[in-house]
K.L.:
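Before I ask anything, let me first share the structure, which is written out below as C-alpha cells.
We name chains A, B, ... by the order of the sequence lines, and we start the count at 1 in each one. Computed from a predicted model, the values in this text were never measured in an experiment. These numbers come from the heavy atoms of this one structure, side chains and all, not from hydrogens, waters or symmetry mates.
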2 protein chains.
Amino acid sequence: MTTDPAHPDHPGDQDWRETLRARGLRLTPQRELVLAAVRELRHATPDQVHAHVRARSEAVNLSTVYRTLEVLEDAGLIKHAHLSDRAPTYHAVDDDHEHFHLVCRRCKKVTSVATGALAPLNETLRDRYGFVPDAAHLTVFGTCEGECCPDEHDHD
Amino acid sequence: MTTDPAHPDHPGDQDWRETLRARGLRLTPQRELVLAAVRELRHATPDQVHAHVRARSEAVNLSTVYRTLEVLEDAGLIKHAHLSDRAPTYHAVDDDHEHFHLVCRRCKKVTSVATGALAPLNETLRDRYGFVPDAAHLTVFGTCEGECCPDEHDHD
DNA sequence: CTTGTTGCAAACTTTTTGCATACAC
DNA sequence: GTGTATGCAAAAAGTTTGCAACAAG
C-alpha cells in the first residue's frame with residue numbers, strides 16, 4: 001500500500017479525493033457530504049444518509065444520494081450490506097478493520113465482527129467450492145442469547 | 001422427530017395440513033398452490049411464485065401470494081433468503097437438508113451448501129458473542145474462481 | 001469550454017393495507 | 001353461522017430515469 005493517511009481514524013480521510021480523481025470523477029460538495037454522513041452514521045440507509053445531510057441544512061436531492069452512494073461504492077470508499085429485509089445500509093470501508101455483521105432478530109442489535117472470524121469458513125468454501133466470499137458484505141441473521149434479549153419465543 | 005413422511009422427497013408432504021391446522025389456520029387451495037410452487041421452483045421470488053401459480057391457470061392474487069408466503073414462513077414450512085439485492089427468494093424447509101447459499105456476483109450462480117460447513121463459525125459466534133445464527137437464512141456473496149467464471153475484472 | 005453532476009418530477013418495482021365478499025370449518 | 005382468507009384497488013416504500021440547468025476541471 002502506498003497510501004498515506006492524513007488522519008488515523010480514516011485511512012483515506014484525504015484519500016477519497018485522490019480516489020475519485022484517479023477515476024476521473026469530480027469532487028463535489030454533495031459527494032463530500034454523503035461520504036461524511038456514511039462515515040458518521042456508521043450503518044445508514046440511503047434515506048438516513050439523506051436526512052443526515054439535510055439536517056446540516058445542506059439540501060441534497062435524494063436521487064443524488066442514490067447516485068452518489070453508487071459512485072462511492074464503485075470507487076471502493078463505501079460498501080453496503082443488508083441489515084434488514086428492507087433497505088440496504090451503507091458503511092465506510094476501512095481496510096484495516098474489515099468486518100461483517102450480526103443482526104439479532106429479537107432485539108435488532110447489530111454487531112460488527114472482524115472478518116478474521118470467517119477464516120475457517122473461507123477455507124472450506126474455497127477448498128470445496130472454489131468460492132471466495134465477499135466477507136464485508138456478509139450479514140448473519142440470528143438471535144443473541146444474552147441478557148439483552150428477553151427470552152421470548154422466537155418470532156421472526 | 002415423530003414425523004411420518006408420506007413421501008420421501010418432502011418430509012411433511014402431507015404434514016403441511018397438520019402444521020396449518022395445529023395453528024388454527026385454514027387449508028385453502030391458494031395455500032396449497034403457493035406451497036407447491038415454492039417446492040417446485042426451489043428458489044423463487046414472490047413474483048415468480050405468482051407467475052408459476054397463474055401458469056397453472058389457477059388465478060391467485062399477488063397480494064394473496066404475499067400473505068400466504070408470510071403465513072407459510074411463520075408456520076415454518078418455508079424460509080426466505082436474499083439471493084440478490086432485490087427481491088427475497090423463498091424455498092421449502094427440509095429439516096434433513098438444511099442449507100445456506102453462495103451467490104457468485106460474476107456468473108450469478110447459486111450454490112446450496114449444507115449448514116454443517118458453518119459449524120466452526122457457529123462456535124466462534126456463540127463463544128465470543130453469544131450469538132446463534134439462523135444458518136438457513138444466510139447468503140454469502142462472492143465469486144467462484146472456477147472455469148464457470150471468465151476471469152474478468154471484479155465489478156459488482 | 002466540455003463533460004460530468006445535480007435537481008426535479010415523473011415513472012417504476014416491490015410490498016402493504018383497507019374493505020367488501022367468499023368460503024373453510 | 002362465524003370468523004378467517006381472498007380479491008381488488010389504492011397507497012406506501014424504495015429506487016431509477018429523462019432532461020434541462022449547473023459547475024468542476
Side-chain angles (χ1 to χ4, degrees), chain A residues 16-38 41 43-54 56-75 77-78 80-90 156, chain B residues 16-38 41 43-54 56-75 77-78 80-90 156:
Chain A
W16 68 274
R17 298 169 174 284
E18 290 302 331
T19 306
L20 292 187
R21 241 185 242 120
R23 297 194 159 220
L25 299 168
R26 292 181 180 171
L27 307 182
T28 68
Q30 287 89 337
R31 288 178 176 173
E32 179 163 16
L33 286 164
V34 168
L35 179 56
V38 169
L41 293 171
H43 297 122
T45 62
D47 222 49
Q48 292 170 327
V49 170
H50 184 223
H52 187 82
V53 170
R54 303 204 106 199
R56 314 175 123 200
S57 78
E58 310 277 3
V60 174
N61 194 276
L62 179 56
S63 59
T64 299
V65 170
Y66 275 98
R67 288 187 280 226
T68 302
L69 288 172
E70 189 180 344
V71 165
L72 295 178
E73 185 159 27
D74 281 350
L77 293 168
I78 63 176
H80 79 274
H82 298 274
L83 303 187
S84 83
D85 283 349
R86 291 201 146 274
T89 61
Y90 287 83
D156 201 315
Chain B
W16 69 274
R17 297 169 174 282
E18 290 301 332
T19 305
L20 292 186
R21 243 185 240 120
R23 297 194 157 220
L25 299 168
R26 294 184 178 169
L27 307 182
T28 68
Q30 287 90 337
R31 289 178 175 173
E32 179 163 16
L33 286 164
V34 168
L35 179 57
V38 169
L41 293 172
H43 297 123
T45 63
D47 220 49
Q48 292 170 327
V49 170
H50 185 223
H52 187 82
V53 170
R54 302 204 107 196
R56 314 175 122 200
S57 78
E58 311 277 3
V60 173
N61 193 276
L62 179 57
S63 58
T64 298
V65 171
Y66 275 98
R67 288 188 279 227
T68 302
L69 288 171
E70 191 179 344
V71 166
L72 296 178
E73 184 159 27
D74 280 350
L77 292 167
I78 63 177
H80 79 274
H82 298 274
L83 303 187
S84 82
D85 282 350
R86 294 203 142 272
T89 60
Y90 286 84
D156 200 314

K.L.:
So which nucleotide from dG25(D), dA5(D), dG7(D) ends up closest to the side chain of R31(B)?
P.N.:
dA5(D)

K.L.:
Starting at atom CZ of R54(A), determine the distance to atom P of dT6(C), rounded to an integer number of angstrom.
P.N.:
15 Å

K.L.:
How long is the line joining CG of N61(B) and P of dT15(C), in whole Å?
P.N.:
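Answer to the nearest Å: 14 Å.
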
K.L.:
Between P on dT14(C) and NE2 on H80(B), what's the gap in Å once rounded to a whole number?
P.N.:
16 Å

K.L.:
How do T64(A) and R21(B) order along DNA chain C: which one's closest nucleotide is nearer the 5' end?
P.N.:
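Its nearest nucleotide being more 5', the pick is T64(A).
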
K.L.:
For S63(B) and N61(B), which I'm curious about, is there any donor-acceptor pair between the side chains at under 3.5 Å?
P.N.:
yes

K.L.:
Between R67(B) and E70(B), is the closest basic N to carboxylate O distance under 4.0 Å?
P.N.:
no

K.L.:
Less than 4.5 Å apart, side chain to side chain, heavy atoms only: is that true for Y90(B) and T45(B)?
P.N.:
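Heavy-atom side-chain distance check fails, nothing below 4.5 Å.
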
K.L.:
Rounded to the nearest angstrom, tell me the gap between atom CZ in R17(A) and atom C1' in dG25(D).
P.N.:
14 Å

K.L.:
By nearest atom, which of the nucleotides dG7(D), dG3(D), dT5(C) is closest to the L25(A) side chain?
P.N.:
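The nucleotide sitting nearest to the side chain is dT5(C).
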
K.L.:
Please enumerate all protein N or O atoms sitting under 3.5 Å from an N or O of nucleotides 14-18 of chain D, with distances to 0.1 Å.
P.N.:
from: dT15(D); atom 1: OP2; to: Y66(A); atom 2: OH; distance (Å): 2.6
from: dT15(D); atom 1: O5'; to: Y66(A); atom 2: OH; distance (Å): 3.4
from: dG18(D); atom 1: O6; to: R67(A); atom 2: NH1; distance (Å): 3.4

K.L.:
When you compare the side chain of T89(B) with that of H80(B), does any pair of heavy atoms fall below 4.5 Å?
P.N.:
no

K.L.:
Check this for me: does the side-chain of R26(A) come within 3.5 Å of the base of dG4(C) through a donor and an acceptor?
P.N.:
yes

K.L.:
Does the side chain of W16(B) come within less than 4.5 Å of E32(B)'s, by heavy atoms?
P.N.:
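Heavy-atom side-chain distance check passes, below 4.5 Å.
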
K.L.:
For D85(B) and dT13(C), give me the distance from atom CG to atom C1', rounded to whole Å.
P.N.:
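To the nearest whole Å, that distance equals 15 Å.
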
K.L.:
Please determine whether a side-chain nitrogen or oxygen atom of T28(B) lies at a distance below 4.0 Å from atom OP1 or OP2 of dT6(D).
P.N.:
yes

K.L.:
Expressed in angstrom and rounded to an integer, what is the separation of Q30(A) atom CD from dC22(D) atom P?
P.N.:
14 Å

K.L.:
How close or far is atom C1' of dG7(D) from atom NE2 of H50(B), stated in whole angstroms?
P.N.:
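Atom-to-atom, H50(B) to dG7(D), this comes out as 11 Å.
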
K.L.:
Tell me if a side-chain donor or acceptor on R23(B) pairs with a main-chain N or O of D74(B) at a distance below 3.5 Å.
P.N.:
yes

K.L.:
Mind calculating the distance between CD (E32(B)) and C1' (dA24(C)) to the nearest angstrom?
P.N.:
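Rounding to the nearest Å, CD of E32(B) and C1' of dA24(C) are 14 Å apart.
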
K.L.:
Does any part of the side chain of L20(B), heavy atoms only, come nearer than 4.5 Å to the side chain of L77(B), both counted from C-beta?
P.N.:
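The answer is yes, as the side chains (C-beta and beyond) meet within the 4.5 Å cut-off.
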
